[in-house]
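Just passing along the structure, written as C-alpha cells.
Below, each value reflects all heavy atoms present in this structure, side chains not excepted, and no hydrogens, waters or symmetry copies.
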Amino acid sequence: MIHNAQNNPLHGAAPFPGSGALSDLWTPDEPAAQVARTDDLGKQLLADKVITAEQLATAENLARNTPGKALADILYDTGVNELPIQQAVAKQAGMAFEHIESPELDTFKQIERLGLDFCRTYWVMPLRIDGPRLILGVVHPDNLQIIDEVRHKLAQPVKPVVVTRADIESVILARQVEDTQETLEVDDIIADIHEDDVEVVESKEEDLDLERMAGESPVIRFVNYLIFNAVKEGASDIHIEPQEKRLQVRYRIDGVLFEAMNPPAHMHAAIISRLKIMANLDISERRLPQDGRIRAVVHGRKLDLRLSTLPTANGEKAVMRILDTRSIQVDLEQLGMDEDALLIWRNQIDQPHGILLVTGPTGSGKTTTLYASLNKMDRAKLNISTVEDPVEYHLNGINQCQTHEKIGMTFAAALRALLRQDPDVVMVGEIRDSETAKIAIQASLTGHLVLSTLHTNDAPSSITRLINIGVEPYLIGAAVNATLAQRLVRRICDHCKKQQPPDMAVADALAVHGISFDEVYIGEGCDKCRGTGYAGRVGLYELLVFNDQLRDKIASNPNVSEFRRMCIEGGMVNLREDGFRKVAAGLTTIDEVLRVTESTI
C-alpha cells in the first residue's frame with residue numbers, strides 16, 4: 001500500500017543519518033528536465049524511428065481513452081520493443097538508463113525487505129549501494145509516490161535510474177529459483193506424507209451477481225459510450241478481448257483493427273453481461289458461444305448490432321458487428337467502378353435471366369454491391385426476392401427471407417420455395433453447396449435473373465469453384481452471364497493528401513509489373529484520419545463478362561491458370577491493374593493495392 005505524506009508514520013521524522021532533511025530527496029541531473037510529457041516522449045520515439053506515425057496516433061488515442069495510463073505503457077502493451085521506449089523515458093526524465101546484469105550482494109537485504117511481489121507490482125528493483133544512497137531501478141520514473149514509498153520502507157535515501165520490466169522480471173525469477181532450490185532426495189520428501197494429508201475438493205467458480213453488476217450505472221454508461229464512440233469513429237465492428245492481465249477493446253475502421261481503449265480488467269465480466277442482457281442472451285452461460293441481436297438508436301440513427309460471444313482461455317470474448325443502413329445506401333456510381341465496368345455491369349443487371357456472381361473474401365463489400373444493384377432495379381414492376389443468412393439490412397419493396405438450418409430452412413430449401421412465388425429477380429446470399437448451385441443454375445435457365453456471391457480470389461476462379469462443388473461445366477457456361485471480383489482498399493485522406501516520389505521498394509514492386517510513377521499520393525496523417533493517412537474506402541473491381549468463346553472453353557473444364565490467362569487476353573482488367581489506376585488517380589496508395597491483391601497474382 002502506498003502511504004500519503006500525512007498518514008505515513010515516517011513523515012516528519014528526523015532526517016536519515018548522514019544526510020540533510022532535503023538532501024534525501026532525489027532531483028533530476030538536469031533541473032529543467034522534469035517528468036516527461038506525453039507529446040515529448042512520442043516525438044522522441046518518432047524521431048528515433050522506434051515507432052511509426054500511425055503507431056503514435058493509435059497510442060495517443062488509447063491514452064486519451066484510458067485515463068491514468070502512460071503513453072510508454074500503452075506502447076509496451078501494443079508490442080513495441082521496450083528497450084528504446086525506456087531509454088527515451090530516461091532521456092525525457094533527465095535520468096540515467098541502466099541494464100540490470102545482477103543486483104550487487106549488498107542489496108539483497110533491501111530486496112527481501114521490499115518483497116518480490118512489491119517489486120513486480122510496482123516495477124522497482126534495488127540495484128546497489130552508492131555511498132549513503134540506494135540506486136533504485138524503476139520503470140515509471142514519474143511515479144514519485146512509489147519512489148517515496150521505497151525510501152520509507154527501507155529508511156534510506158534513494159536515487160532512481162530507469163530500467164526495463166524484462167530486467168526486473170529476470171532478477172525476480174532468479175531470486176525465486178534460488179529460494180526454491182533444495183537438495184532433498186525424493187524418499188526424504190515423501191517420508192512424512194500420508195495419502196490423506198491432501199484432500200481434493202471440487203472447485204467452484206466464484207459466485208458473482210453478474211446481473212446486478214451489469215445493471216450498475218458505470219457499466220451501463222461505459223457500454224453505451226463504447227457503442228456511441230464506435231459509431232462516431234465509423235467502426236464496422238467492436239472487439240472486446242480479454243488478455244491475461246488486461247482487457248482490450250478494438251474497433252475495425254476501414255477494414256483495419258485499431259486498439260481503442262483498455263478498460264480495467266475487473267470490468268470484463270460486467271461488460272459482457274451487460275451486452276448479453278441487451279441482446280437477450282443467457283448471462284449465466286459462459287461456457288458456450290452465443291449469438292444475439294441488439295437494436296439501438298445512436299446519433300439519431302437506427303442500428304442493428306449483431307453480438308457474438310466466444311469462450312476463450314482468458315474469459316469470454318465479444319464481437320459486435322454494427323449494421324448501419326447508411327453503409328448500403330450507396331449508388332453503384334459511388335462504389336469506385338470505372339466508367340466502362342459500370343456501364344457493362346448496369347447492362348448486366350438489366351438482363352431478364354442468367355446468373356451474376358460477385359466474388360471476394362469476407363468484408364470485401366459484396367453485399368453492398370448486390371444491394372446497390374437491386375436498388376437500380378424497378379421494384380414497382382419486378383418481383384424481387386432474396387435469401388440471406390442473416391438478413392442484415394431491410395430494403396423497401398423487396399421480399400427478404402432468412403435461412404434457418406436447424407429447422408431445414410437452408411439456402412436450397414428457401415430458393416426452391418421462392419421459385420414457386422413467381423419471382424423476376426432472386427438474390428441468394430451465398431452459393432455454398434452443390435444443391436444451392438444447381439437450383440440457382442436451373443432458375444437462371446428458366447427465365448430468372450439470379451444474383452449471388454462466392455468466396456473466390458478472382459473472377460475466373462468462380463467458374464472452377466462451381467465445377468468443383470459439382471455443377472456440370474456445360475450448365476455453367478449456359479447460365480453464368482458475368483462475374484465481378486472485388487476488394488476494398490483504404491482511401492487517402494483528403495485533408496492530409498500530398499505527393500512525393502515513390503521509395504525504392506515501391507518503385508521496384510511497380511517495375512515488376514512494368515509500371516512507373518514519378519510522384520505518388522500519400523496521406524501524412526491528421527486529426528481527421530486518426531493519424532493513419534486514410535479515411536473511407538474505395539473498391540477495386542475485376543469484371544468478367546462471358547462471351548461465346550469463353551463459354552466454349554468452360555464446357556471443356558479448363559484449369560484456372562489457363563482460363564485466367566485466356567480472360568486477360570480477352571481484355572479483362574484484373575484487380576491489381578484496376579488498383580494501379582486508382583493509385584494514378586490519387587484515390588489510394590500502392591501499399592494498399594499490394595496488400596489486398598497479394599493473393600490474386
Approximate separation, where rounding is to 0.5 Å, of Arg432 CZ and Phe411 CZ: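 Taking CZ in Arg432 and CZ in Phe411, the distance rounds to 4.5 Å.
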
For salt bridge (charged side-chain N to carboxylate O under 4.0 Å, His left out), just list the numbers for Arg490 and Glu592, CA-CA rounded to whole Å, side-chain angles, deciding distance to a tenth of an Å, and then say yes or no. CA-CA 7 Å; Arg490 292 185 289 176; Glu592 277 293 290; 3.2 Å; yes

Side-chain touch Val489/Tyr534, heavy atoms, less than 4.5 angstrom: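 Of all side-chain heavy-atom pairs linking Tyr534 with Val489, none is under 4.5 Å.
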
Side chain to side chain, Arg576 and Phe580, heavy atoms closer than 4.5 Å: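 Contact flag for Arg576/Phe580 side chains = yes.
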
Any chance you could measure Arg252, atom CZ, to Ile322, atom CD1, to the nearest 0.5 Å?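 Arg252 atom CZ to Ile322 atom CD1 measures 12.0 Å (nearest 0.5 Å).
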
Any chance you could measure Thr410, atom OG1, to Ile439, atom CD1, to the nearest 0.5 Å?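 If I round to the nearest 0.5 Å, the distance is 7.5 Å.
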
To the closest 0.5 Å, what do you measure between CG (Asp77) and OG1 (Thr66)?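 The OG1 atom of Thr66 is 9.5 Å from CG of Asp77, to the nearest 0.5 Å.
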
Does CD belonging to Glu569 count more than 12 external heavy atoms closer than 6.0 Å?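 Correct, the count exceeds 12.
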
Positive for side chain to side chain contact (heavy atoms under 4.5 Å, CB included) with Met320, one of Val223, Leu307, Thr309: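 Output: one option passes, namely Leu307.
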
Is it true that the side chains of Gln486 and Thr369 contain a donor and an acceptor less than 3.5 Å apart?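 A donor-acceptor contact under 3.5 Å links the two side chains.
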
Side-chain contact, heavy-atom cut-off 4.5 Å: Glu430 with Lys366?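 The answer is no; the side chains never approach within 4.5 Å.
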
N/O donor-acceptor pair under 3.5 Å between Asp424 side chain and Leu382 backbone: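 No: the side chain of Asp424 does not pair with the backbone of Leu382.
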
Roughly how far apart are Arg564 CZ and Asn559 CG, rounded to 0.5 Å?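 That separation rounds to 9.5 Å.
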
Over 12 non-hydrogen atoms of neighbours within 6.0 angstrom of CZ in Arg250: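 Yes.
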
With a 4.5 Å cut-off on side-chain heavy atoms, are Met261 and Tyr251 touching?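 Side chain of Tyr251 against side chain of Met261, heavy atoms only: contact under 4.5 Å found.
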
Considering residues at least two apart in sequence or located in another chain, which fulfil the side chain to side chain contact (heavy atoms under 4.5 Å, CB included) criterion with Tyr521?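 Counting only residues at least two positions away or on another chain, Tyr521 forms a side chain to side chain contact (heavy atoms under 4.5 Å, CB included) with Ile492, Lys497, Gln499.
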
Test item: Ser444 side-chain N/O and Val450 main-chain N/O as donor-acceptor pair under 3.5 Å: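 Between the backbone of Val450 and the side chain of Ser444 there is no qualifying donor-acceptor contact (under 3.5 Å).
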
For the backbone of His455 and the side chain of Arg465, can you confirm whether one donor and one acceptor N or O come within less than 3.5 Å of each other?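 Checking the backbone N and O of His455 against the side chain of Arg465, a donor-acceptor pair under 3.5 Å is found.
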
Can you establish whether the number of heavy atoms outside Lys528 located under 6.0 Å from its atom NZ is more than 12?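 Result for NZ/Lys528: open.
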
How about Asp548: does its CG atom have over 12 heavy atoms from other parts shown lying under 6.0 Å from it?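 Counting other residues, nucleotides and ligands, CG of Asp548 stays at 12 neighbours or fewer.
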
Among Leu449, Leu543, Asn481, which residue satisfies the side chain to side chain contact (heavy atoms under 4.5 Å, CB included) criterion with Gln348?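 The side chain to side chain contact (heavy atoms under 4.5 Å, CB included) with Gln348 is passed solely by Asn481 among Leu449, Leu543, Asn481.
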
Side-chain contact test, heavy atoms from C-beta onward, threshold under 4.5 Å: evaluate it for Asp591 versus Ile522 and give yes or no.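 No, their side chains stay 4.5 Å or more apart.
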
Taking the side chain as C-beta and beyond, is there a heavy-atom pair between Trp345 and Leu332 under 4.5 Å?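 Trp345 reaches Leu332 side chain to side chain.
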
Charged N to carboxylate O below 4.0 Å: is that the case for Arg416 and Glu435?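 A salt bridge links Arg416 with Glu435.
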
Hey, could you give me the CG/CD1 distance between Leu454 and Ile469, rounded to the nearest 0.5 Å?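 If I round to the nearest 0.5 Å, the distance is 6.5 Å.
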
Steps toward salt bridge (charged side-chain N to carboxylate O under 4.0 Å, His left out) verdict (Asp578, Lys582): CA-CA 6 Å; Asp578 187 49; Lys582 289 179 169 63; 2.8 Å; yes

Within-4.5 Å side-chain heavy-atom neighbours: Ile227 and Ile294: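 Ile227 vs Ile294: side chains apart.
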
Under-4.0 Å salt bridge between Glu285 and Lys276: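 Answer for the salt bridge query: no.
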
Would you say that more than 12 heavy atoms from the other residues, nucleotides or ligands in this model lie under 6.0 Å from the CG of Asp552, or not?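 Result for CG/Asp552: enclosed.
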
Start with the C-alpha gap between Arg306 and Asp291, add the side-chain angles, then the distance that decides, and say whether salt bridge (charged side-chain N to carboxylate O under 4.0 Å, His left out) holds. CA-CA 7 Å; Arg306 296 294 168 86; Asp291 295 295; over 6 Å; no

Taking the side chain as every heavy atom from C-beta outward, state whether Pro242 and Lys317 have any atom pair closer than 4.5 Å.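 They are in contact (side-chain heavy atoms under 4.5 Å apart), so the answer is yes.
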
